*Asks:* 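Have a look at this one before I ask anything.
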Amino acid sequence: MVERKFSEPTDEIVQLEPVEVRRYIAFTRWNHWFTAICFIVLMLSGFAFFHPSLYGLTALFGGGQMTRWLHPFVGIALTVSFLGMFVQLVHLNIIRREDLVWTRNIKDVITGHEERLPELGKYNFGQKTVFWGMFWLILALLITGVMMWYQYFPHLVSIETRRIAILVHAVSAVLIVLVFILHIFAALWTRGTLRAMTRGTVTGGWSWRHHRKWLRELARRQRTKPAE
Ligand code: HEM
């Protein structure tokens, strides 16, 4: 019996390994996770000061006094660490015209029809919003936090101004926690994203689907690279 064929002789699997695309080098990933740890410590210790019912959280940090001492220093560490990420990523987080088209058609993203939208670079508008949201809120938390840091800056501002600073600090903290929840939700909801920050790479399919302009640029760059 003659065996039926389903392919041309010229068809071939040229590469067994799936295409992988580097998205973050190790330095950026360490920078990110250090920032995330600082954030979680700040969030838990901050919650402890937020309402008496949450005071029990201070037990995680060795009691009330220790938590009060630690919180502002971790705030400084987070600011410095976030600044490191900011410097590396800001040029790719500038809002562009295609971001507005993307936002207007957000329902196509949610229903899995990203192919109807303009091709995107490394970040979409949602990611850029998280980036800028975190930037402005960290700045507000830093400034108001220093105003409240009575131990080291007791006469920096008047009592009235300090009261306003406390209010702005608390409101900014609530907002940044919301941004944080949005960030985690987006990272988990868009399947295949988390590995960008763990392994440093994403698949070719993920890049093609979500950040095609970015992938095209990498492919172009590699094609024009002189052969080794
Ligand atoms: C612990 C929870 C966190 C998880 C699971 C997480 C996860 C991720 C993942 C997967 C990415 C890569 C997204 C991509 O390249 O498409 C990312 C990027 C990023 N993350 Fe996080 N993250 C966390 C906490 C934080 C915190 C607390 C901050 C800042 C305070 C932060 C700031 C950023 C920034 C700035 C980027 C780069 C994206 C951009 O520039 O728009 N992350 N994160």
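Just follow the structure's listing: the first ligand is 1, and inside any ligand the first atom is 1. All residue numbers in this chain count up from 1 along the given sequence. Just so it is clear, the model here is predicted, and its values are computed rather than measured.
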*Asks:* Are the charged groups of Arg212 and Glu217 less than 4.0 angstrom apart, N to O?
*Replies:* no

*Asks:* State whether Trp206 and Arg195 meet the cation-pi test: NZ (Lys) or CZ (Arg) under 6.0 Å from the six-membered ring centroid, and within 45° of the perpendicular axis.
*Replies:* no

*Asks:* With only distance considered, is His211 within less than 3.5 Å of ligand 1 through an N or O on each side?
*Replies:* no

*Asks:* For ligand 1, which atoms sit closer than 4.0 Å to a heavy atom of Leu89?
*Replies:* 37 (C), 40 (O)

*Asks:* Can you name the N, O or S atom of His32 that is closest to atom 21 (Fe) of ligand 1?
*Replies:* NE2

*Asks:* Please identify which atoms of ligand 1 are closer than 4.0 Å to at least one heavy atom of Thr35.
*Replies:* 29 (C), 30 (C)

*Asks:* Mind checking whether Tyr24 has a heavy atom under 4.0 Å from ligand 1?
*Replies:* yes

*Asks:* Starting from atom 3 (C) of ligand 1, find the nearest protein heavy-atom neighbour and note its residue, name and distance.
*Replies:* Trp33 CZ3, 3.9 Å

*Asks:* Taking both backbone and side-chain atoms of His183, is any N or O found less than 3.5 Å from an N or O belonging to ligand 1?
*Replies:* yes

*Asks:* Where does Lys122 meet ligand 1, judged by heavy-atom distances below 4.0 Å: at the side chain, the backbone, both, or neither?
*Replies:* neither

*Asks:* Applying a heavy-atom cut-off of 4.0 Å, say which part of Phe180 lies close to ligand 1: side chain, backbone, both or neither.
*Replies:* side chain

*Asks:* Give me the residue, atom name and distance of the protein heavy atom closest to atom 40 (O) of ligand 1.
*Replies:* Asn93 ND2, 2.9 Å

*Asks:* Closest non-hydrogen protein atom to atom 30 (C) of ligand 1, residue and atom name please, with distance?
*Replies:* Met134 SD, 3.6 Å

*Asks:* Contact between Val130 and ligand 1, counting heavy atoms under 4.0 Å?
*Replies:* no

*Asks:* When you measure from the centre of the six-membered ring of Tyr24, is the NZ or CZ of Lys122 closer than 6.0 Å and no more than 45° off the axis?
*Replies:* yes

